[in-house]
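In what follows, a single structure is set out as structure tokens and then discussed.
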Amino acid sequence: MLTQDPLLLYQFKSTPMPPEAWIVRWLWLIPALPTLVAGVISLLRKEFRRLSSGLAIASLSCSLLLSIAALGHAIRTRNLLLHLGFGASFHETVNFTWFTFGSSTVDLGWVLDPLSAVMMVMVCFVGLLIFIYSTGYMEHDENFTRFFCFLSLFAGAMLGVVIANSLLLLFMCWELVGLTSYLLIGFWYQKPSAAAAAKKAFITTRFGDVFFLLGIVWLFSQTGTLLFYNHEAGNLEGLALGGLIAQHAGFGFTVAGAIGLLIFCGAVGKSGQLPLHVWLPDAMEGPTPVSALIHAATMVAAGVYLIARVYPLMSAGLNAHGTTAALTIVTWVGAATAVFAALIAVAQNDIKRILAYSTVSQLGYMMAGLGLGGVAVGMFHLITHAFFKALLFLGAGSVIHGTHEEQDIRRMGGLKVDMPLTFITYAIGMLALCGFPLFFSGFWSKDGILEAAHAGAIKGPFYLLAFGALLTAFYMTRQVCYVFFGYWRGHHDAHESAPVMTVPLAILAFFAMALGLIGTPAWPWFRSFLEGRAAPFTFHGFAEPGLMSLMAISSGIVLFGLWLGWKLYGNRSPRAEEPDVLEKAAPHLWAGLRDRLYVDEFYGATVIAFYAWWARVTDWLDQRLWGGLVRLVAWLFNLWAHLNRIFDVDAIDGGFNKACEELSTGAGLLSRVESGRVQSYLRILALAAVVLAAILFWSSRP
């Protein structure tokens, strides 16, 4: 059903629905198809490799077609509403009762709106390219079938998060995403590092999910529903939001803001924000297609999407500066994460680890964009980042595959000659990530965030994000120079990857450039689509005050970072064992950045040490106190059993046995009398008569 104000709803119902309206009823098929195929593949034997990959690719292809139909329907619905002269923000939902307890019901449902429509297409399209790429990358893996089972379940769970109109349904799919990430990160479980990384990811994200669950419970207790949209009775609609902002939770937060922050904690875990970012760089221990899927289209995107979905809750009750306490925290956490991760990426030598910290940094940009500019600003960077980060991770996988599993950039070099297709596509992804001016999508999505930060009342996030942009251009130039320029420093000859791997790279490279067209000031289609406004094509958008100067500053920052990286690394061909230029200049700073600013060591010395100490305490309590109490109780029961045995066996049973023995003896004597011989009975009677006569005679004497 369509959620709008009553007047608009009446006029909309009087207008014929677009012919694709069936897609709303069948939207559940989009996550269901890959999930169902995952179940089918789980029943196949290892030998059915081609069948398993074919089923996975076919299911996600069908989901992509349905997602495109859903996006087309959303676009037509928006255009229809604009034609009627109303705001085109809409939510079409299908809700149903899952179960009832007492007078309360638990409802689930799915929603189609501009936000879910664009997200579904991105997840399906990028995921499909990763699936196809995986058939080449995992070709020789003995667990090929199991890999595509987990991959399909991962995609299905993420799509469930996207279409959910219920916070409960979203949380269920959210936990499935966490489970499948554990299975995929630890896919090569025979490697201790992979098994440890899987456990680290699973446990770390659980910390955030505990607070997320508390937020769900609190929201349900306040609103009586977990549906987002439901005839103006959902918890993201006017009536519920009005009640939530009318109550204060303390420390300057309304109940809406406090619940929003609890939900944000779940996003902090999934999207690798400070201080729960530590699992994300280690997620590279899984196969490279898994890294691409996690870092681009699924797991980390889930946290950003969650905040975009509950944005009405976090933005309810805007203050004089146009923000809320909850959004301010989201902004600062994002900005700090962006710079923190970018600093660490400068000193990493593993090709995938550099990209992993880059992901953490870019997720910080997305969170800051949500906090500063709203849903459209943050989501545009999420969409563009999904394409160029998938391109970079798959490009890194191509490099690793072509260099015989080498991942240390110091042992590469000169690959632009041996792997030209990989080099060209990787360079496009690198320039998009850096935000190279005008021609790459990352420039427009990053500039949207910087513009929102610059317009904010507090300039701190803007300076942090600008510094992060400089660092991004620098460390990505360093990586490209080490990998593709200079001479080959490895142990084996490199070779270009097969077309099944390079064709997806070319497609992703095209979109890494082309997607910027829908987010320029001349045609801000993406932002207008999410915000329900018309988006005419006009160059007057560049005339916005301060925009051109900000674009110039942003471009200058990026170009300076690229120049500095090329200056330090572009004209050098260092030996693999030779220290880095920055390491020579500032060895102590370099060591700190190389060791990830000792965050893992800090957690090891505090949180993990505390839990280890607490485990020893509980073990002592279990062994000495609780175990002692159990042994004492057992001894008391044994004593009681012993006393009971004495009383039962010696007293009761003994007395009963003695009585039985006497009865038996008496019965024996009587049995001799009762012989059955008449003569004996007559003698006894005679004797008794004599005795009786004697007694009578004796008693009758005077």
Side-chain angles (χ1 to χ4, degrees), residues 34 37-61 126-157 179-199 201-202 282-299 350-353 355-356 390 392-408 419 422 490-492 494-505:
V37 163
V40 173
I41 297 176
S42 69
L43 303 176
L44 299 178
R45 293 183 305 203
K46 287 184 177 181
E47 294 77 16
F48 294 94
R49 299 164 66 90
R50 190 177 297 274
L51 177 60
S52 63
S53 61
L55 286 173
I57 292 172
S59 67
L60 202 58
S61 298
V126 175
L128 179 60
L129 293 176
I130 293 172
F131 277 35
I132 295 171
Y133 176 97
S134 299
T135 61
Y137 190 88
M138 301 294 290
E139 181 180 5
H140 302 294
D141 196 284
E142 62 176 349
N143 292 312
F144 185 91
T145 302
R146 179 165 61 91
F147 180 78
F148 274 93
C149 171
F150 294 163
L151 217 58
S152 294
L153 183 59
F154 199 11
L179 170 64
T180 47
S181 68
Y182 168 79
L183 296 173
L184 286 168
I185 294 170
F187 182 76
W188 289 323
Y189 55 85
Q190 66 273 14
K191 292 171 54 180
S193 58
K199 289 187 290 185
F202 191 79
D282 291 344
M284 66 171 192
E285 291 293 340
T288 298
V290 173
S291 301
L293 202 58
I294 288 176
H295 288 253
T298 54
M299 187 168 178
D350 186 296
I351 186 172
K352 288 171 64 177
R353 191 175 289 275
L355 297 179
L392 288 170
F393 263 106
L394 295 186
S398 179
V399 169
I400 295 168
H401 185 76
T403 57
H404 305 277
E405 306 307 315
E406 181 61 68
Q407 293 188 208
D408 193 333
M419 307 181 71
T422 300
H491 301 295
H492 304 281
H495 61 84
E496 184 61 274
S497 300
V500 72
M501 297 171 65
T502 55
V503 170
L505 294 181

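All heavy atoms count here, side chains included; hydrogens, waters and symmetry mates do not.
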Inset, instruction - Using a cut-off of 6.0 Å, state whether more than 12 heavy atoms not belonging to Phe187 lie near its atom CZ. - result: yes
Inset, instruction - Can you measure from CD1 (Ile41) to CG (Leu153) and round to the nearest 0.5 angstrom? - result: 10.0 Å
Inset, instruction - Ignoring hydrogens and angles, state whether a donor on the side chain of Asn143 or Trp188 is under 3.5 Å from an acceptor on the partner side chain. - result: no
Inset, instruction - Would you name the heavy atoms of Gly127 and Leu60 that are closest together and state the gap between them? - result: C-CD2, 3.4 Å
Inset, instruction - State, with a plain yes or no, whether a side-chain heavy atom of Ile57 is found less than 4.5 Å away from one of Ser61. - result: yes
Inset, instruction - For residues Phe131 and Ala155, report the shortest heavy-atom separation together with the two atoms involved. - result: CZ-CB, 4.1 Å
Legend entry - pair Phe393-Ile294: side-chain heavy atoms closer than 4.5 Å: no
Inset, instruction - Report yes or no: does Glu406 contribute a side-chain atom to a donor-acceptor pair with the main-chain N or O of Asp408 at less than 3.5 Å? - result: yes
Inset, instruction - Take Phe202 and Ile185, measure what side-chain contact (heavy atoms from CB on, under 4.5 Å) needs, and give me the verdict at the end. - result: CA-CA 10 Å; Phe202 191 79; Ile185 294 170; over 6 Å; no
Legend entry - Criterion side-chain contact (heavy atoms from CB on, under 4.5 Å) on Thr502 and Glu496, from CA distance to verdict: CA-CA 9 Å; Thr502 55; Glu496 184 61 274; 3.9 Å; yes
Legend entry - Spacing of Lys352 atom NZ and Gln407 atom CD [to the nearest 0.5 Å]: 5.0 Å
Inset, instruction - For the residue pair Phe144 and Phe148, categorise the inter-ring angle as parallel (less than 30°), tilted (30 to 60°) or perpendicular (more than 60°). - result: tilted
Legend entry - Side-chain (Tyr133) to main-chain (Leu394) donor-acceptor, under 3.5 angstrom: yes
Inset, instruction - Kindly indicate whether the side chain of Met284, heavy atoms from C-beta on, has any atom under 4.5 Å from the side chain of Asp350. - result: yes
Legend entry - Heavy-atom donor-acceptor pair, Thr145 side chain to Ser52 backbone, under 3.5 Å: no
Inset, instruction - Could you tell me which residues satisfy ring-ring contact (aromatic ring centres under 6.0 Å, His included) with Phe150, sequence neighbours excluded, listed by chain and number? - result: none
Legend entry - Short side-chain donor-acceptor distance under 3.5 Å, Thr422 and Ser398: yes
Legend entry - Heavy-atom side-chain proximity of Leu151 to Ser134 below 4.5 angstrom: yes
Inset, instruction - Would you name the heavy atoms of Tyr137 and Glu405 that are closest together and state the gap between them? - result: OH-OE1, 4.3 Å
Inset, instruction - List the atom of Arg146, the atom of Tyr189, and the distance in Å for their closest heavy-atom pair. - result: NH2-CE2, 3.5 Å
Legend entry - Test of ring centre spacing under 6.0 Å for His401 and His140: no
Legend entry - Atom pair CG/CG of Leu55 and Leu44 - distance to nearest 0.5 Å: 7.0 Å
Legend entry - Residue pairs passing the salt bridge (charged side-chain N to carboxylate O under 4.0 Å, His left out) test where at least one lies in residues 182-198, sequence neighbours excluded: Lys191-Glu285
Inset, instruction - Check whether any side-chain heavy atom of His495 lies under 4.5 Å from a side-chain heavy atom of Met419, and answer yes or no. - result: no
Inset, instruction - Determine the minimum heavy-atom distance between Thr135 and Ser53, stating which atoms define it. - result: CG2-CB, 3.9 Å
Legend entry - Side chain proximity check, Ile132 to Met501, heavy atoms < 4.5 angstrom: no
Inset, instruction - Flag the pair Phe154 / Leu184 as yes when at least one side-chain heavy-atom distance between them is below 4.5 Å, and no otherwise. - result: yes
Inset, instruction - Compare every heavy atom of Pro289 with every heavy atom of Ile130, then report the nearest pair and how far apart it is. - result: CG2-O, 3.5 Å
